[in-house]
Amino acid sequence: MLKKIIEEEHIQKAKKYVEKGDSFLIVTHVAPDGDALGSSLGLLHFLNECGKDKVSVLTPNNFPAYYKWMPGAKDIVIHEKYPEFAEQLINESDVIFCLDFNEPHRVGKLSETLLAAGGRKVMIDHHPDPAGFCRVTMSYPGISSTCEMIFRFICRMGMFDLINKPAAECIYTGMMTDTGAFTYNSNHPETYTIIGELIKKGIDKDLIYRKVYQVYSESRIRMMGYALYEKMKVYPRRRTALITLSQEELKRFHYTTGDTEGFVNLPLSINGIEFAVFIREDLDFIKVSLRSTGDFPCNEFARRYFNGGGHRNASGGEFYGPLPEAVAMFEKGLSELNPEKELGKHV
Ligand code: 5GP
Ligand code: MN
């Protein structure tokens with residue numbers, strides 16, 4: 001039996017919404033990752049098993065091709081593609097689950113419609129400092145993925161039997177991707193109790209790993225080599241490394257959504273590097289990804305310099321301006337936040 005982490009009052013309130021609701025919408029954040037998609041689709045399959053047939057999953061924009069195999073992924077409504085239908089779903093659903101995000105602006109252009117919608121909103125998430133825009137907020141940063149939160153939520157409602165194989169596959173996917181295939185944030189013994197239960201539901205965890213991590217294009221792998229060989233700058237004294245890729249470089253390697261996923265983590269395999277930043281020049285803004293090991297709060301760095309946030313060890317933000325200015329902002333942050341002092345504590 002798992003420890004009761006989610007407050008009973010939240011479970012009971014959300015359970016009532018599940019039982020009484022007729023139409024459901026599940027919304028997740030922009031640039032949805034494995035956890036965003038896994039938790040959303042996991043909950044979709046569960047609700048379907050409960051006999052609910054009006055359930056939709058909505059993402060603000062598209063997601064990487066290596067998540068398209070997930071059961072239910074083909075029916076996800078993408079706001080960028082179908083804005084009117086998406087807004088209609090938000091306005092007309094009885095219950096709206098907000099998964100894997102803690103602030104309305106994380107759904108991009110959908111935020112105003114979401115805030116104004118009359119449906120009962122339930123947040124299930126694991127980012128720190130959740131904003132209070134939902135009737136029920138289940139947010140526990142100590143839990144390493146929203147997928148794990150979904151599993152716990154369903155079990156606590158006494159509905160473990162309604163987790164079918166497709167739901168289990170989706171839940172496992174997010175648990176795997178939010179922990180870098182169980183290489184960080186993954187020391188909680190109950191995580192493995194849950195994985196055991198998912199395997200009993202019939203998932204093939206090794207196959208899921210291959211479907212997510214071993215389906216890259218040749219050009220993506222070459223771009224990774226280029227980024228490491230030519231574009232990685234190491235700041236040894238600060239235990240930090242930076243990788244940047246410009247729009248022109250992305251084009252050279254036929255970049256498509258998801259191709260740079262994981263690049264930010266690569267410098268952390270260098271002995272002595274504990275803070276890694278990846279800056280990518282997108283079409284309309286500059287995307288910044290930050291990762292750290294140990295105590296250095298990269299969410300604080302993201303908040304101060306890149307208008308972002310996230311987890312202590314994995315966060316992100318944005319920059320509006322030319323790429324060299326984003327790099328200058330990063331270097332300013334490095335000198336001000338002084339990771340030299342913060343980092344290296346664990347050596
Ligand atoms: P990634 O670098 O993979 O895009 O994001 C890592 C984590 O940082 C995400 O799980 C999310 O928690 C957070 N994050 C990424 N981008 C943003 C952003 O623009 N704003 C905020 N508040 N958090 C972000
Ligand atoms: Mn997550």
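If you read the sequence from its start, that first residue is 1, and numbering goes on from there. Since the structure is predicted, the reported quantities are computational estimates derived from the model, not experimental observations. Remember, it's 1-based here, ligands and their atoms both numbered in the order they're listed.
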Polar contacts were defined as any N/O atom of the residue lying under 3.5 Å from an N/O atom of the ligand; does this apply to [X] and ligand 1?
X: E261; answer: no
X: H105; answer: no
X: G316; answer: yes
X: E318; answer: no

Suppose we only allow N, O or S atoms; which atom of D100 ends up nearest to the Mn ion (ligand 2)?
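Of all N, O or S atoms belonging to D100, OD1 is the one nearest the Mn ion (ligand 2).
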Considering just N/O/S atoms, say which atom of D178 is closest to the Mn ion (ligand 2).
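Atom name returned: OD2.
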Of all pairs that satisfy salt bridge (charged side-chain N to carboxylate O under 4.0 Å, His left out), the ones with a partner from residues 103-123, not counting sequence neighbours:
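Of all non-adjacent pairs touching residues 103-123, none passes salt bridge (charged side-chain N to carboxylate O under 4.0 Å, His left out).
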Nearest-neighbour protein heavy atom for atom 7 (C) of ligand 1, which is reported as residue plus atom name and distance:
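Residue, atom and distance for the closest contact: A314 O, 3.6 Å.
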For atom 19 (O) of ligand 1, closest protein heavy-atom neighbour:
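It is G317 CA, 3.6 Å.
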Indicate yes or no for a side-chain donor-acceptor contact from [X] to the backbone of [Y] under 3.5 Å, with no hydrogens or angles considered.
X: E249; Y: S246; result: yes
X: T59; Y: T28; result: no
X: R220; Y: D259; result: yes

May I ask whether R303 places a heavy atom under 4.0 Å from ligand 1?
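R303: no contact with ligand 1 (<4.0 Å).
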Applying a strict 4.0 Å limit to heavy atoms, is R106 in contact with ligand 1?
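For ligand 1, residue contact (heavy atoms, under 4.0 Å) with R106 is present.
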Between [X] and [Y], does at least one N-O distance fall below 4.0 Å, as a salt bridge requires?
X: E169; Y: K211; result: no
X: E197; Y: K200; result: yes
X: E300; Y: R303; result: yes

Trace of the side-chain contact (heavy atoms from CB on, under 4.5 Å) decision for V57 with D75:
CA-CA 8 Å; V57 174; D75 297 322; over 6 Å; no
What is the ring orientation for F182 with Y172, classed by angle as parallel under 30°, tilted 30 to 60°, or perpendicular over 60°?
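Plane angle between 30° and 60°, so tilted.
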Which atoms of ligand 1 sit under 4.0 Å from any heavy atom of [X]?
X: H127; value: 10 (O), 11 (C), 12 (O)
X: G310; value: 12 (O), 13 (C), 23 (N)
X: S289; value: 1 (P), 2 (O), 4 (O)
X: G309; value: 8 (O), 13 (C), 14 (N), 20 (N), 21 (C), 22 (N), 23 (N), 24 (C)

To the nearest 10°, how many degrees is the angle D35 OD2 to the Mn ion (ligand 2) to H126 NE2?
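Here the angle at the metal atom is close to 100°, to 10°.
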What residues join F285 in its hydrophobic cluster, counting side-chain heavy atom gaps under 4.5 Å, either direct or through other members?
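Members other than F285 - counting any ILVMFWY side chain reachable under 4.5 Å - are Y320.
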Specify side chain, backbone, both or neither for K287, according to which of its non-hydrogen atoms lie closer than 4.0 Å to ligand 1.
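It is the side chain that gets close, since no backbone atom is under 4.0 Å.
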Closer than 2.8 Å to the Mn ion (ligand 2): does that hold for any N, O or S atom in D125?
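It does not; every qualifying atom lies at 2.8 Å or beyond.
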